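Positions are given from 1 along the sequence. Counting starts at 1 for both ligands and their atoms, following the listed order. Only a predicted model underlies this, so the values are computations on that prediction, with no experimental measurement involved.
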Amino acid sequence: MNLLEGKTAIITGATRGIGKGIAQVFAKHGANIAFTYSSSVEAANELEKELIELGVKAKGYQSDAASFDQAQELASDVLERFGSIDVLVNNAGITKDNLLMRMSEEDFDKVIEVNLKSVFNMTKAVQKTMLKQRKGSIINMSSVVGVKGNAGQANYAASKAGIIGFSKSVALEIGSRNIRSNVIAPGFIETEMTDKLDEKVVEGWRNAIPLKRGGTPEDIANACLFLASDLSTYVTGQVLNVDGGMLT
Ligand code: NAD
């Protein structure tokens, strides 16, 4: 069943990892995809091609999620080219981990800008269109770390916790216009972002997860599919933990 037939989705940070998984699953379900990336032009061209081959419209945009102006430009181009904006997935994110003692002001600010301000930028940019359409689904990528906190990630945890407060507020503000705003809190998902971690540490994490494995981008994409589709028309303001039971 094509759950997203005829819908247009914007997905930020989609040239690899979770964002790429979301773009692939959404396209398989019939959605037209506008995705962003920060620097990897080649990977973006490849993904664009792959999505088009699935029979949907697709375009990659080199657009910095942390820039308010670029978010505005992106949304107006997508509206003009695709005709609607039905789903927004704020997925772009970075880490700059360090103990607070060693964390620089620059590393704090950068993580807040890319992870949290980006959500404000993009939500503002699509809001008018979704209000006019009287429908829309906004999905914001937080983390178990945003729910629980984590030593060595005060900047990242603050940005991801901020996303939860922001999303719940938006759900309250524009629910009356049939615009939904939800959060996904992934646990440990094995992607390029986590490849740089020590294998021994990673094995320890896998063992501590009730389902005894790290998640895949597809695990997260399927949860996004539910929130993007009309299967979830009565779900808003929620945080969905997709973590193999990690926070249980
Ligand atoms: P990743 O590093 O593999 O991918 C991140 C993507 O964001 C990349 O495509 C990158 O180009 C893009 N990006 C970074 N800065 C950007 C910017 N300024 N503008 C536009 N795009 C930008 O990471 P991932 O593991 O796929 O994570 C995706 C999201 O899920 C992130 O928000 C991350 O915090 C969150 N998350 C990941 C995990 C995990 O275990 N992998 C767990 C919880 C939450």
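Under 4.0 Å from ligand 1, heavy atoms of T15 appear from its side chain as well as its backbone. Contact annotation for S63 and ligand 1: only backbone heavy atoms (N, CA, C, O) come within less than 4.0 Å of the ligand. Residue D64 touches ligand 1 through backbone and side chain together, judged by heavy-atom distances below 4.0 Å.
Ligand 1 places these atoms under 4.0 Å from at least one heavy atom of A65: 17 (C), 18 (N), 19 (N), 20 (C). Near M141, meaning under 4.0 Å from one of its heavy atoms, ligand 1 places the atoms 29 (C), 30 (O), 35 (C). Ligand-side atoms of ligand 1 in range of I94: 14 (C), 15 (N), range being under 4.0 angstrom from any heavy atom. If you number the atoms of ligand 1 from 1 as listed, the ones under 4.0 Å from a heavy atom of G187 come out as 40 (O), 42 (C), 43 (C). Remark: ligand 1 atoms within the under-4.0 Å shell around heavy atoms of Y156 are 33 (C), 34 (O), 35 (C), 36 (N), 43 (C), 44 (C).
Residue S142 places a heavy atom under 4.0 Å from ligand 1. Distances from ligand 1 to the non-hydrogen atoms of K20 include no value under 4.0 Å.
The salt bridge (Lys or Arg N to Asp or Glu O under 4.0 Å) with D86 is formed by just one residue from the set K7, R180, K135, R134; it is K135. Tested against I179, the residues V170, V126, L131 include a single side chain to side chain contact (heavy atoms under 4.5 Å, CB included) partner, L131.
Using modelled atom types, no side-chain atom of T123 and backbone atom of F120 make a donor-acceptor pair closer than 3.5 Å.
Other residues, nucleotides and ligands contribute at most 12 non-hydrogen atoms within 6.0 Å of the CD atom of E105. Residue L172 places its CG atom among more than 12 non-hydrogen atoms of other residues, nucleotides or ligands, all under 6.0 Å distant. Residue Q133 qualifies as enclosed at atom CD: its count of foreign heavy atoms under 6.0 Å is above 12. Atom NZ of K168 sits in a sparse spot, with 12 or fewer heavy atoms from other residues, nucleotides or ligands closer than 6.0 Å.
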Donor-acceptor pairs under 3.5 angstrom involving side-chain atoms of residues 30-38: please list them, not counting sequence neighbours.
unit_1: N32; atom_1: OD1; unit_2: K57; atom_2: N; d: 2.9
unit_1: T36; atom_1: OG1; unit_2: G13; atom_2: N; d: 3.0

Expected list for residues 40-48: side-chain donor-acceptor pairs under 3.5 angstrom, two or more places apart:
unit_1: S40; atom_1: OG; unit_2: T15; atom_2: OG1; d: 3.3
unit_1: E48; atom_1: OE1; unit_2: G60; atom_2: N; d: 2.9

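When only non-hydrogen protein atoms are considered, atom 2 (O) of ligand 1 lies nearest to R16 NH2, 2.7 Å. The protein atom (non-hydrogen) at minimum distance from atom 6 (C) of ligand 1 is G13 O, 3.5 Å. Considering only non-hydrogen protein atoms, atom 23 (O) of ligand 1 sits nearest to M193 CB, 3.5 Å. Taking atom 24 (P) of ligand 1 as the reference point, the nearest protein heavy-atom neighbour is T191 OG1, 3.7 Å. Of the protein's heavy atoms, I18 CD1, 3.7 Å lies nearest to atom 37 (C) of ligand 1.
Of the candidates G93, A92, G214, it is A92 that places a heavy atom closest to atom 21 (N) of ligand 1. Ranked by closest heavy atom to atom 10 (C) of ligand 1, the top entry among S38, G19, P217 is S38.
Residue K160 has at least one nitrogen or oxygen atom sitting less than 3.5 Å from a nitrogen or oxygen atom of ligand 1, judged on distance alone. Taking any N or O of I189, backbone or side chain, at least one lies under 3.5 Å from an N or O belonging to ligand 1. For the pair N91 and ligand 1, the shortest N or O to N or O distance falls below 3.5 Å.
For the pair M130 and I138, the minimum side-chain heavy-atom distance is below 4.5 Å.
Remark: the N140 side chain and the S167 side chain contain an N/O donor-acceptor pair separated by less than 3.5 Å. Residues Q153 and D97 bring a donor and an acceptor atom of their side chains to less than 3.5 Å of each other.
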